[in-house]
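Presented below is the structure to which this report refers.
Note that the coordinates shown come from a computational prediction; the quantities given were computed from them, not determined experimentally.
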Amino acid sequence: MRRLAPRLVGGNLLPASYLVFLANMLISGMSRQGRGMITKNSKLLLLGIATVAIWAVVSHRGATAQSVSAINAQTGAIVAATDAFLSSLDAAQREKVQFSFTPQKTATATKFARSHAGRDPSGASGGRGLGRPDRPPSPGGGPGMGPAGGFVGEQYGQAVWSNYPVSDVPRPGLTLGSLSNAQRDAAAHMLQVVLSPRGYQKVLEIMGADQALSEHGNPFAAGIATYTVGVFGHPSAATPWMLQYGGHHLALNITMAGEHGVATPTLTGAQPAIYKSNGKTVRALAQENDKAFALLNTLDETQRKQAILNYRVGDLVLGPGHAGEAIQPEGLNAAAMNEHQRKLLLDLISEWAGIINDAYAAPRMAEIRAGLEDTYFAWSGPTTHEPDNNGSAYYRIQGPKIVIEFSPQGVGGDPTMHVHTVYRDPTNDYGIKFTGSL
C-alpha cells in the first residue's frame, strides 16, 4: 500500500507520526547498501533533524503571531494613555487640543509672518490658531531668526510643525504652560507609552535645552511651557489618527493606523547642545554626533573620498516644508562598507528610528536594513570634533525609505552648540501607506 504523508493544515502543529514518516522517507531513498549502514542511532539522528526543521518553521510562525500580539497590546496602551490625557481636560480644553484627521497624499509648506504674537512665556496662549498663515509676510526686520519672506512650517491637514520657535510658527493644540500639574503628568505618561525609553529621554534633554535657551532672555518663545500637544482624529486601535508634540527644537508626528506606528517626519534639535540641569552637565543629541564620527573614522581613504562631499551644506535640505521632494543620493554606498561599518551605520540610524516605542521601531529597522545596499552616507564639513562636544559637520543618510540629516546651525555664533536634524520616510511620511492616502 502506498504510504501517504499527513497534511499540514494552516498553522497547526505536525503530528509526531509525520516526523517518523520523514525519517523513513530519507532512509528509503538510499541504496540497499546505504540502508544497511543505517543504525538505530542514525534513525534517531534523522528524526532529530526533521524535528528541528519543523520546530524552526513553527517557531517562526509563533514568533510572528507573538510580535503582532505585542504590537496590538502596545497600540491599545497608547490609545488608553491618550484617552486618559483627553479625559483629564475640561470641555474647553478638549476643543483646543483635538482636531479632525484627514489623510492626505503629502504635506505642504506654510509661511508665517514675523510677529510678536503668542510670545507669552507662560504658554497660556496656546490654542487652535495657526498664526494666520495666509497673511502676507512682513518685509523683514525685527528680532528673531528666519528669512525676510516669513517663517516656514510644514502643514499636514491641521497639524503644523517647524524648526522655528512656536512664537513664529504656532503649533495647533494646548501648551504645557496652560495645563495643570495633573494634566501635564497625563501628557508625560502618554509620551512615555508612545516612545521608547531612549526616545523619551531624548525628548526630555531637548526640552531641557530649550528651557535653558529661554532663560537667557531670548525674544522668542522657546521654553518648556510653550511645548504643544495636539491630537488629530479619535484615538483608536483600528482607524488612523495622529499625535503631534513639539516646541522650538522638537516635532514628533506620530501616526497610528491599526498595528502600524509611524514616526516620520520627526525634527530633533538642540540649542544649547550642552547645558546644566540640577547641577549636572547635559549634552543633547550626543549620540547622533559621536556615532557619526565613529563611523567616519572607520572609513579608509577610498571610502572617505566617496563619503566626503566637495561642497559645504549649511542647512537642512529636506526640512519643514519640503515633504515629497527628492534629492540625488550622494556619498558612500553602504554596499561599499564592510560588515562592521554597516552595523555602525544601522546603530546611528536607530537614534532616530528608535525614538518611537520598540514595538514599531523593530519593523521599521527591518525595512531600513532590507534597503541598506541602496543607502548612502554623505559628509560635509570638518572631520574632527572636540571630545565631549558636538562637531560642526553636516551629514546625511539616504536610502529607499529613509532620509536623515544632521545640520549644525550658525545662528547663535557657535554651530557646535546649535543643531537641527530631520528624519523622514520618503515613501511613508505621516503613515500615508497605512491611512488610505495613496
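Using a 4.5 Å heavy-atom cutoff, the side chains of Val203 and Tyr245 are in contact. Side-chain contact between Thr421 and Val419 is present, with at least one heavy-atom pair separated by less than 4.5 Å. Contact check for Lys202 versus Ile355: side-chain heavy atoms found under the 4.5 Å cut-off. Using a 4.5 Å cut-off on side-chain heavy atoms (C-beta onward), Gln328 and Tyr376 make no contact. Looking at Ile327 and Gln398, their side chains come closer than 4.5 Å, going by heavy atoms from C-beta outward. Looking at Arg283 and Asn390, their side chains come closer than 4.5 Å, going by heavy atoms from C-beta outward. Using a 4.5 Å cut-off on side-chain heavy atoms (C-beta onward), His248 and Thr226 make no contact. At least one side-chain heavy atom of Trp161 sits under 4.5 Å from a side-chain heavy atom of Pro320.
Applying the side-chain contact (heavy atoms from CB on, under 4.5 Å) rule to Glu339 yields the partners Arg342, Lys343; only residues at least two apart in sequence or on another chain are considered. Residues satisfying the side-chain contact (heavy atoms from CB on, under 4.5 Å) criterion with Pro426, sequence neighbours excluded, are Val403. Taking Asp90 as the reference, Ala92, Gln93 meet the side-chain contact (heavy atoms from CB on, under 4.5 Å) condition, with sequence neighbours excluded. Residues meeting the side chain to side chain donor-acceptor pair (under 3.5 Å) test with Gln306, sequence neighbours left out: none. Legend: residues meeting side chain to side chain donor-acceptor pair (under 3.5 Å) with Thr75, ordered by chain and number and at least two apart, are Tyr360. The side chain to side chain donor-acceptor pair (under 3.5 Å) check on Asn389 picks up nothing, with sequence neighbours excluded. Applying the side chain to side chain donor-acceptor pair (under 3.5 Å) rule to Glu367 yields the partners Arg364; only residues at least two apart in sequence or on another chain are considered. The side-chain contact (heavy atoms from CB on, under 4.5 Å) search around Pro240 returns Phe101, Ala257, Thr435, not counting sequence neighbours. Residues satisfying the ring pair (Phe, Tyr, Trp, His ring centres under 6.0 Å) criterion with Tyr430, sequence neighbours excluded, are Tyr156.
Checked by atom type, the side-chain pair Thr281/Lys276 shows a donor-acceptor distance below 3.5 Å. Between Trp352 and Thr266, the side chains place no donor N or O within less than 3.5 Å of an acceptor N or O (distance only, hydrogens not considered). Side-chain contact check for Gln409 and Ser407: at least one donor-acceptor pair (N or O, by modelled atom type) lies under 3.5 Å. In summary, the side chains of Ser100 and Gln158 do present a donor paired with an acceptor at a separation below 3.5 Å, with no hydrogens or angles considered. When only modelled atom types and interatomic distance are considered, Tyr227 and Asp210 share a side-chain donor-acceptor pair under 3.5 Å. For the residue pair Thr416 / Ser392, no side-chain donor-acceptor distance below 3.5 Å is found, with atom types taken as modelled.
The minimum heavy-atom distance linking Leu179 with Phe85 is given by the pair CD1-CE1, 4.2 Å. Among all heavy-atom pairs drawn from Trp241 and Val231, the shortest one is CE3-CG1, 4.3 Å. Taking all atoms of both residues into account, the shortest heavy-atom contact from Gly354 to Ala361 is CA-CB, 4.1 Å. Across all non-hydrogen atoms, the minimal contact from Val229 to Met190 is CG2-CE, 3.8 Å. Closest of all the heavy-atom pairs between Ala263 and Ile254 is CB-CD1, 3.8 Å. Minimum heavy-atom separation, Met417 to Ile274: CE-O, 3.4 Å.
Rounded to the nearest 0.5 Å, atoms CD (Glu405) and OH (Tyr423) are 14.0 Å apart. Atoms CD1 and CG, from Ile349 and Leu372 in turn, are 6.5 Å apart once rounded to the nearest 0.5 Å. Thr255 contributes atom OG1, which lies 8.5 Å from atom CD1 of Ile356 (distance to the nearest 0.5 angstrom). In this structure, the separation between OG1 on Thr427 and CD1 on Ile432 is 7.0 Å, given to the nearest 0.5 Å. Here the straight-line distance linking atom CG of Asn253 with atom CG of Leu243 works out to 9.0 Å at 0.5 Å rounding. Atoms CG and CG, on Leu267 and Leu316 in that order, are 7.0 Å from each other to the nearest 0.5 Å.
Sorted by first and then second residue, the salt bridge (charged side-chain N to carboxylate O under 4.0 Å, His left out) pairs with a member in residues 177-200 read Arg198-Glu351; sequence neighbours excluded. Among pairs with a residue in residues 373-389, none fulfils salt bridge (charged side-chain N to carboxylate O under 4.0 Å, His left out), at least two apart in sequence or across chains. A salt bridge (charged side-chain N to carboxylate O under 4.0 Å, His left out) check over residues 319-335, counting only residues at least two apart or in different chains, returns the pairs Glu330-Arg396.
In terms of modelled atom types and a separation under 3.5 Å, the side chain of Asp168 and the main chain of Tyr164 share no donor-acceptor contact. Between the side chain of Ser162 and the main chain of Val152, a donor-acceptor pair closer than 3.5 Å is present. Side-chain atoms of Asn333 never come within 3.5 Å of backbone atoms of Ala336 as a donor-acceptor pair (strictly under, hydrogens ignored).
Heavy atoms from other residues, nucleotides or ligands lying under 6.0 Å from NE2 of His260 number more than 12. Within 6.0 Å of CG on Asn181 lie no more than 12 heavy atoms contributed by other residues, nucleotides or ligands.
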Open item on the list: Determine whether Gln303 and Thr298 satisfy the following criterion, side chain to side chain contact (heavy atoms under 4.5 Å, CB included), listing intermediate values before the conclusion.
Closed with: CA-CA 9 Å; Gln303 290 174 317; Thr298 68; 5.9 Å; no
- [ ] Would you sort out whether Val160 and Thr110 count as a side chain to side chain contact (heavy atoms under 4.5 Å, CB included), showing the intermediate values?
- [x] CA-CA 9 Å; Val160 177; Thr110 305; 5.8 Å; no
TODO: Could you walk me through whether Asp414 and His418 pass side chain to side chain contact (heavy atoms under 4.5 Å, CB included), step by step?
DONE: CA-CA 7 Å; Asp414 184 356; His418 185 186; over 6 Å; no
- [ ] Check step by step if side chain to side chain contact (heavy atoms under 4.5 Å, CB included) holds for Leu348 and Ile397.
- [x] CA-CA 10 Å; Leu348 175 58; Ile397 300 167; 3.7 Å; yes
- [ ] Check step by step if ring-ring contact (aromatic ring centres under 6.0 Å, His included) holds for Phe406 and Trp379.
- [x] CA-CA 10 Å; Phe406 181 99; Trp379 191 276; 8.4 Å; no
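Ring planes of Phe377 and Tyr395: tilted class, angle from 30 to 60°. Taking the six-membered ring for Trp and thresholds of 30 and 60 degrees, Phe232 and Phe99 have nearly parallel ring planes, at less than 30 degrees apart.
In this structure, Phe112 has its ring center no closer than 6.0 Å to that of Phe151.
Looking at Asp429 and Arg424, a side-chain N of the basic residue comes within less than 4.0 Å of a carboxylate O on the acidic one, giving a salt bridge.
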